[in-house]
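Note that these values count all heavy atoms, side chains included, but never hydrogens, waters or copies made by symmetry.
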Amino acid sequence: MSWAQWTREVEVEPSIYAADFCRLGSQVEALMDEGARVFHVDVGDGHFIPPVTIGSVVVEALAPLVHQREGRLDCHLMVTNPDEQIPLMAAAGADSVTFHIEASPDPVATVALARREGVGVGVTLNPDTAVTALGPVAGLVDLALLMSVVPGYSGQRLLPESIARLRELRELVAPTCRVQVDGGIGADNIAAVQEAGAQLIVAGSAIFGAADPSGAYGELVDLVH
Ligand code: DX5
Ligand code: ZN
């Protein structure tokens, strides 16, 4: 199984970091009823980003619910040591892991580790890291994620330079590599990030911050189809 098989041409990925954790399962189910298939899981370790967020224990709880309906868990590792977390995430039921280039001493080896663990693999970078830093693994990964905010929290505004950086990333990676964008995406800018090359579009507060998250998801999908 791979990203190429899981995803439609454009996927809007709800980021559960912005969910109401008291009602996480029912919110995920409601979004699946609306057609959401790929869920973005923000793993923060309290070192790479200030808060400890979601870890393998929560992935293990969600995986049966999501997998029984052909959904996928796309795990964004905002952690200092991705090589320690990747086996734990794979064992918990993650379908894909995305690591930060700033956090891996040997990115080619980190990609190989994820492959051995049998999960999809992506790479990402902070807004102040040059897109060209992904060069050594650009041909090896399933997805390349452009962070359009400083990683750490949901609910920030998209950094305007992200649009030009998305175009640069699209040029850098292989045509088969999915380009993802994460941070500050909503109805006002989702068409612009798609036009700049994003195919996997993460949205947290724009979905879960709405009075009707399923309706907000459906509206975002309509804007990119
Ligand atoms: C930020 C996370 C994002 C975040 C997106 O550090 O990586 O995935 O949850 O949330 P919004 O869409 O609200 O910016
Ligand atoms: Zn994220």
Verdict with supporting geometry, Val12 and Ile207, side-chain contact (heavy atoms from CB on, under 4.5 Å): CA-CA 10 Å; Val12 175; Ile207 292 174; 4.2 Å; yes
Passes side-chain contact (heavy atoms from CB on, under 4.5 Å), Ile163 versus Val193? Steps please. CA-CA 6 Å; Ile163 301 293; Val193 296; 3.8 Å; yes
Assess the residue pair Asp74 and Gln180 against the criterion (side-chain contact (heavy atoms from CB on, under 4.5 Å)); give the C-alpha distance rounded to whole Å, side-chain angles, the decisive distance to 0.1 Å, and a yes or no. CA-CA 11 Å; Asp74 165 29; Gln180 186 178 51; 2.7 Å; yes
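Between the side chains of Gln85 and Asp45, not a single donor N or O lies within less than 3.5 Å of an accepting N or O. There is a side-chain donor-acceptor pair under 3.5 Å between Asp95 and His67.
Counting only residues at least two apart or on different chains, no side-chain hydrogen bond (donor to acceptor under 3.5 Å, both in side chains) pair has a member in residues 154-163.
For Ser148 (side chain) and Gly183 (main-chain N/O), a donor-acceptor pair under 3.5 Å exists by modelled atom type. Of the possible polar contacts, none joining the Ser56 side chain to the Leu88 backbone as a donor-acceptor pair under 3.5 Å is found. Of the possible polar contacts, none joining the Gln199 side chain to the Glu9 backbone as a donor-acceptor pair under 3.5 Å is found. Under a 3.5 Å cut-off, the side chain of Tyr17 and the backbone N or O of Gly152 do form a donor-acceptor pair. Side-chain N or O atoms of Ser15 include none that pairs as donor or acceptor with a backbone N or O of Gly204 at under 3.5 Å. A donor-acceptor pair is defined here as one N or O able to donate and one able to accept, closer than 3.5 Å; such a pair exists between the side chain of Gln27 and the backbone of Asp20.
Looking at heavy atoms from C-beta onward, Ile16 lies in side-chain contact with Val28 at the 4.5 angstrom threshold. Between Val121 and Thr98, the closest side-chain pair of non-hydrogen atoms is not below 4.5 Å. Under the 4.5 Å side-chain criterion, counting only non-hydrogen atoms from C-beta, Leu159 is not in contact with Met147. Using a 4.5 Å cut-off on side-chain heavy atoms (C-beta onward), Leu220 and Ile185 make no contact. Ile49 places none of its side-chain heavy atoms less than 4.5 Å from the side chain of Asp42. Counting heavy atoms from C-beta on, the side chains of Ile101 and Val137 come closer than 4.5 Å. Using a 4.5 Å cut-off on side-chain heavy atoms (C-beta onward), Asp182 and His40 make contact. Val173 places none of its side-chain heavy atoms less than 4.5 Å from the side chain of Leu134.
Clustering ILVMFWY residues whenever any of their side-chain heavy atoms sit less than 4.5 angstrom apart, transitively, puts Leu125 in a cluster other than the one holding Met78. Ile86 and Val141 end up in the same hydrophobic cluster when Ile, Leu, Val, Met, Phe, Trp and Tyr side chains are linked at under 4.5 Å. Linking ILVMFWY side-chain heavy atoms closer than 4.5 Å, directly or via other members, places Val221 and Val10 in a single hydrophobic cluster. Follow the hydrophobic side-chain contacts under 4.5 Å out from Val123 and you never reach Leu145; the two are in separate clusters. At a threshold of 4.5 Å between side-chain heavy atoms, the hydrophobic network of Ile, Leu, Val, Met, Phe, Trp and Tyr places Leu77 and Val202 in two separate groups.
Taking 4.0 Å as the cut-off between side-chain N and carboxylate O, Glu11 and Arg8 count as a salt-bridged pair. A salt bridge links Arg69 with Asp33: the distance from a Lys NZ or Arg NE/NH1/NH2 to an Asp or Glu carboxylate oxygen falls below 4.0 Å.
Here the closest non-hydrogen pair linking Asn126 and Glu102 is N-OE2, 2.6 Å. Shortest non-hydrogen contact noted between Gly197 and Val179 is O-CB, 3.6 Å. Closest non-hydrogen pair, Ala206 versus Ala210, comes out as O-CB, 4.0 Å. Across all non-hydrogen atoms, the minimal contact from Ser96 to Leu143 is OG-CD2, 4.4 Å. Shown here for Pro107 and Phe99, the closest heavy-atom pair between the two residues is O-CZ, 3.8 Å. Scanning all heavy atoms of the two residues, the minimum distance from Met32 to Leu65 falls at SD-O, 4.4 Å.
To the nearest 0.5 Å, atoms OG1 (Thr110) and CG (Leu140) are separated by 11.5 Å. Atoms SG and CZ, from Cys75 and Phe39 in turn, are 12.5 Å apart once rounded to the nearest 0.5 Å. Atom CZ in Arg165 sits 16.0 Å away from atom CZ in Arg170 (nearest 0.5 Å). Atoms CG and OG1, on Leu169 and Thr132 in that order, are 11.0 Å from each other to the nearest 0.5 Å. Note that CD1 of Ile190 is 10.0 Å distant from CG of Asp222, once rounded to the nearest 0.5 Å. Taken to the nearest 0.5 Å, the CH2 atom of Trp3 stands 10.0 Å off from the CZ atom of Arg72.
Using the six-membered ring where Trp is involved, His76 and His100 have ring planes that are parallel, under 30° apart on the 30 and 60° scheme.
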